[in-house]
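Just below is one structure, and these are the notes that go with it.
Computed from heavy atoms alone, side chains included, the values below leave out hydrogens, waters and symmetry copies. Note that this is a predicted model, so its numbers are computed, not measured. Convention: sequence-line order gives letters A, B, ...; per-chain numbering from 1.
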Number of protein chains: 2
Amino acid sequence: MNTSAEDVRDTAVRARTAAAALATLNRAAKDRALLAMAEALGARSAELIEANARDVEAARAAGTAEAMVDRLTLTPARLEAMAGGLRQVAGLDDPVGEVVRGRVLPNGLELRQVRVPLGVVGIIYEARPNVTVDAAGLCLKSGNAALLRGSASAVRSNTALVGVLRDAAQAAGLPADAIQLVPGVDHESVKHLMRLRGLVDVLIPRGGAGLIRAVVEESTVPVIETGAGNCHVYVDVDADLDQALAIILNAKTHRVSVCNSTETLLVHRAVADAFLPRALTALAEAGVTVHGDETVRAHDDRVVPATDDDWAAEYLSLDLAVRVVDSLDDAVTHIRRWGSGHTEAIVTRSLGASRRFVATCDSAAIMVNASTRFTDGERFGMGAEIGISTQKLHARGPMGLPELTSTTWVGIGDGHLVS
Amino acid sequence: MNTSAEDVRDTAVRARTAAAALATLNRAAKDRALLAMAEALGARSAELIEANARDVEAARAAGTAEAMVDRLTLTPARLEAMAGGLRQVAGLDDPVGEVVRGRVLPNGLELRQVRVPLGVVGIIYEARPNVTVDAAGLCLKSGNAALLRGSASAVRSNTALVGVLRDAAQAAGLPADAIQLVPGVDHESVKHLMRLRGLVDVLIPRGGAGLIRAVVEESTVPVIETGAGNCHVYVDVDADLDQALAIILNAKTHRVSVCNSTETLLVHRAVADAFLPRALTALAEAGVTVHGDETVRAHDDRVVPATDDDWAAEYLSLDLAVRVVDSLDDAVTHIRRWGSGHTEAIVTRSLGASRRFVATCDSAAIMVNASTRFTDGERFGMGAEIGISTQKLHARGPMGLPELTSTTWVGIGDGHLVS
């Protein structure tokens with residue numbers, strides 16, 4: 001039976017009520033709840049692992065690939081890592097109440113802009129149950145009620161996890177409805193959620209490009225796009241080629257399944273003969289399949305021909321598209337045409353080239369002589385992140401706690417009138 | 001003939017190219033263009049007024065109300081005011097390049113978050129041709145290409161204005177396509193614009209609730225809602241009633257057609273007998289029609305019965321809904337139920353009451369002992385504004401130049417790798 005619009009709406013209404021209560025909590029109350037939630041994940045690990053075992057069993061019965069089954073599986077060590085994440089969030093500054101700007105107007109009105117929670121945050125995600133705990137923790141700390149919509153394959157795990165988190169939050173004096181699963185695992189469930197403008201303040205889809213596109217197309221609730229990463233490394237005419245080699249190997253092979261790994265290497269024609277033979281050999285030794293243009297293929301028989309699909313691809317595998325370009329501007333044109341606006345890197349010793357690349361690449365992060373892999377909330381020193389925004393509105397790049405807030409202008413007067 | 005999707009798309013593609021050029025301009029170049037545009041409005045006022053006269057004539061022939069015809073009409077003085085607006089924008093700080101945050105990571109990577117233009121900003125608005133000039137100026141200063149879609153009734157005026165602005169911008173060395181009218185005045189024209197996600201970075205509808213709702217429903221381009229203002233004044237049990245009277249008169253009658261005027265007065269029951277007779281008399285003397293609940297009506301025969309439509313109404317006229325509430329919390333509940341999230345005011349001498357009202361009203365601006373009319377970019381000292389956002393994402397409250405930007409993270413290293 002399809003999930004009903006009423007069930008989803010009722011969940012959101014409860015979340016909205018909980019959000020109003022959360023908004024007035026001080027940091028101590030929120031941190032107490034986060035620590036209680038961390039504690040409960042350990043104390044109730046047996047029931048969590050049992051619920052998860054049924055998801056794992058169903059996934060295996062459905063013939064799910066072992067890598068996916070592994071992502072789904074909970075172990076005591078993984079539960080402890082999730083608990084550690086909650087403790088870390090408890091240690092982060094509370095963004096709520098921060099005064100962003102403030103002044104006294106000429107007429108004496110005291111004006112300040114302060115951070116406030118967004119309200120109700122909906123998160124739509126795939127497979128990994130750790131997102132359930134991470135997202136609940138970040139939303140709670142930033143004063144937001146979380147509406148969590150995980151994948152069908154993890155529904156038993158997520159239901160058990162949310163049950164444990166709610167119990168702990170409630171025992172710590174918070175409204176249990178601050179953390180809720182969206183009812184249903186069918187498409188209708190997401191569809192109803194996307195129409196709750198006014199009840200849900202923002203939707204954050206975390207997952208593949210198809211999911212994100214569907215949400216963007218259909219949602220009337222404001223959406224923050226995250227995670228699509230077609231990142232580039234550009235080796236400039238003035239590059240230190242040793243650095244360039246180290247950076248492309250790091251950016252491509254350090255961890256292939258993440259959004260900040262590099263998918264395309266662009267090489268200035270003037271250094272192609274010096275750089276490509278070394279790079280192609282090193283990449284082949286690292287197990288990377290190179291998809292190259294004609295110039296690249298002329299250097300190495302192992303290179304397979306690249307098509308437009310390769311320039312557009314977010315491989316998330318040991319594949320790399322490689323193209324030779326005539327200039328920095330051509331590299332930027334390629335990036336603007338094919339990139340996803342996540343992270344681009346330039347390798348150059350030229351200050352002018354680095355300035356031009358930074359000024360003209362239109363992406364969430366630009367690295368100069370550094371690996372694209374640095375774009376990450378924890379590496380940026382923001383603490384945990386809820387995702388990496390690749391859109392320009394509201395938040396761009398890694399989203400930590402302040403990015404889960406809005407602001408309110410507060411004016412304090414003594415009978416002030418406009419004249 | 002309906003406007004074709006290709007025509008609108010081509011316009012946006014040109015805007016995107018222009019935006020890439022605008023993004024790298026320094027402040028001096030942008031200010032020169034703004035001053036040249038201001039100059040041109042005066043120098044070419046005759047042709048602008050002639051084009052406008054044809055809009056005015058058509059409006060009169062169509063039986064348009066005289067107040068609307070007046071809003072549409074250009075005069076030398078009004079053109080000079082628009083030019084003054086452009087000069088004022090030239091005098092404002094350039095938000096582009098501002099370093100929002102920055103630090104050196106433990107590994108030595110220099111990290112900073114800098115403001116960058118959004119890119120292509122679409123503005124959909126009604127009647128008044130001054131919005132054409134204001135929006136073009138604010139977009140240009142913040143490094144954004146403007147796609148302007150005014151109303152059919154002002155199309156001759158807008159075409160002439162945009163022609164003058166483009167010529168002046170181009171003569172000052174900027175790409176003319178930084179400022180464009182969206183082709184067509186039919187609904188198809190807006191519809192195509194709303195589907196250009198990836199080409200248009202944000203749409204800002206400025207106008208009535210119907211327009212805004214339609215854009216929110218249909219747009220895949222991110223939208224910033226502006227301008228719906230159902231503002232409240234709450235007179236607390238601890239109010240200074242003289243202040244309360246002055247504030248409600250100011251908030252209701254100072255200028256009725258603007259979004260920050262007050263539409264509903266909420267009065268604590270404990271002060272209703274002391275406050276309402278004075279307030280209702282003063283409001284009646286000011287020409288205000290009061291729509292009240294039963295308690296209010298018992299005080300004055302002139303009060304007409306209020307229905308739910310009155311609590312929801314953005315009158316923009318000399319009408320005011322008045323309700324007696326049992327507590328501050330009931331006032332907040334009413335505001336959260338019926339308000340538009342724009343501006344709410346409390347009149348109270350109690351610090352505790354003001355703190356609670358500020359913490360629990362979920363609106364873009366909260367005034368304590370001050371008129372709701374203060375919520376305005378110029379009054380807040382932000383310079384000109386492009387609108388007042390009533391949504392929580394990206395920008396909330398008056399939107400000036402920084403609110404027309406996004407950010408990019410820039411990391412500068414020397415061969416930095418992730419380990």
Side-chain angles (χ1 to χ4, degrees), chain A residues 20 23-24 103 105 109 111 113 116 118-119 197 201-202 216-217 220 222-224 240 242-243 246-247 250 254 336 354 356 358-360 362-371 373-375 379-381 391-394 396-398 406-419, chain B residues 20 23-24 103 105 109 111 113 116 118-119 197 201-202 216-217 220 222-224 240 242-243 246-247 250 254 336 354 356 358-360 362-371 373-375 379-381 391-394 396-398 406-419:
Chain A
T24 61
R103 64 162 71 92
L105 300 188
L109 190 78
L111 190 67
Q113 186 183 28
V116 298
L118 284 168
R197 191 177 179 99
D201 293 289
V202 60
V216 162
E217 282 287 322
T220 58
V223 174
I224 298 181
D240 176 324
D242 294 334
Q243 272 190 14
I247 285 171
N250 185 261
H254 182 259
R336 290 178 78 111
S354 72
R356 183 158 181 87
V358 166
T360 57
D362 191 23
S363 294
I366 315 282
M367 296 292 153
V368 177
N369 297 326
S371 172
R373 290 274 292 111
F374 277 106
T375 303
R379 286 184 202 279
F380 277 10
Q391 68 176 38
K392 294 190 195 167
L393 233 57
H394 186 69
R396 200 176 190 203
S406 182
T407 56
T408 289
W409 287 96
V410 180
I412 311 275
D414 187 26
H416 281 69
L417 308 179
V418 161
S419 56
Chain B
T24 62
R103 66 163 71 92
L105 300 189
L109 190 79
L111 190 67
Q113 188 183 29
V116 296
L118 285 168
R197 192 178 179 98
D201 293 290
V202 60
V216 163
E217 282 288 322
T220 58
V223 175
I224 298 180
D240 175 324
D242 294 334
Q243 272 190 13
I247 285 171
N250 185 261
H254 181 259
R336 291 178 78 110
S354 72
R356 184 160 181 86
V358 166
T360 56
D362 191 22
S363 294
I366 315 283
M367 296 292 152
V368 178
N369 297 327
S371 172
R373 290 277 289 114
F374 277 107
T375 303
R379 286 183 202 280
F380 277 11
Q391 69 176 36
K392 294 190 195 167
L393 232 57
H394 185 70
R396 199 175 190 204
S406 182
T407 56
T408 289
W409 287 96
V410 179
I412 311 275
D414 186 26
H416 281 68
L417 309 178
V418 161
S419 54

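Chain A forms more heavy-atom pairs under 4.5 Å with one residue of B:His254, B:Gln113, B:Glu217 than with any other, namely B:His254. When each of B:Val418, B:Thr375, B:Asn250, B:Asn369 is scored by its heavy-atom pairs under 4.5 Å with chain A, the top score falls to B:Val418. Put simply, of A:Ser371, A:Gly415, A:Pro222, the one with the most heavy-atom pairs under 4.5 Å next to chain B is A:Gly415. For the options A:Ile412, A:Val223, A:Val368, heavy-atom pairs under 4.5 Å to chain B are most numerous at A:Val368. Note on A:Thr220, A:Asp242, A:Ile366: by heavy-atom pairs under 4.5 Å with chain B, the leading option is A:Ile366. Chain A forms more heavy-atom pairs under 4.5 Å with one residue of B:Pro398, B:Gly381, B:Ala23 than with any other, namely B:Gly381.
Considering every non-hydrogen atom in both A:Arg396 and B:Thr407, the closest pair reads CD-O, 2.8 Å. Listed here is the closest heavy atom pair of B:Lys392 and A:Gly119: NZ-CA, 4.2 Å. Counting all heavy atoms, side chain and backbone alike, B:Gly397 lies closest to A:Trp409 at CA-CD1, 4.3 Å. Looking at every heavy atom in both residues, A:Val410 comes nearest to B:Val358 through CG2-CG1, 3.7 Å.
Using a distance-only test at 3.5 Å, with no hydrogens or angles considered, a donor-acceptor pair links the side chain of B:Arg103 to the main chain of A:Phe380. Using modelled atom types, one side-chain atom of A:Thr408 and one backbone atom of B:Ser363 make a donor-acceptor pair closer than 3.5 Å.
Within the 4.5 angstrom heavy-atom criterion, no atom of B:Asp240 approaches chain A. For a residue to count as touching a neighbouring chain, one of its non-hydrogen atoms must lie under 4.5 Å from one of that chain's; by this rule B:Val116 touches chain A with the side chain only. Interface residue B:Ala364: only backbone heavy atoms are found under 4.5 Å from chain A. B:Ser419 touches chain A through its backbone: at least one of N, CA, C or O sits under 4.5 Å from a heavy atom, while the side chain does not.
Summarising the geometry, atom CG belonging to B:Leu105 is positioned 7.5 Å from atom CZ belonging to A:Phe374; distances are rounded to the nearest 0.5 Å. Rounding to the nearest 0.5 Å gives a distance of 10.5 Å between CD of A:Gln391 and CG of B:Leu118.
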**Message:** Go through it in stages, so that I can follow the logic: the residues are A:Gln243 and B:Asp414, the test is side-chain contact (heavy atoms from CB on, under 4.5 Å), and I'd like the CA-CA distance, side-chain angles, deciding distance and then a yes or no.
**Reply:** CA-CA 8 Å; A:Gln243 272 190 14; B:Asp414 186 26; 2.8 Å; yes
**Derivation of the side-chain contact (heavy atoms from CB on, under 4.5 Å) call for A:Asp201 and B:Leu393** = CA-CA 8 Å; A:Asp201 293 289; B:Leu393 232 57; over 6 Å; no
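A:Arg197 CZ: more than 12 foreign heavy atoms inside a 6.0 Å radius.
Considering only heavy atoms from C-beta on, A:Thr24 stays 4.5 Å or farther from B:Arg356 through its side chain. By the 4.5 Å heavy-atom criterion applied to side chains, A:Arg379 and B:Leu109 are not counted as neighbours.
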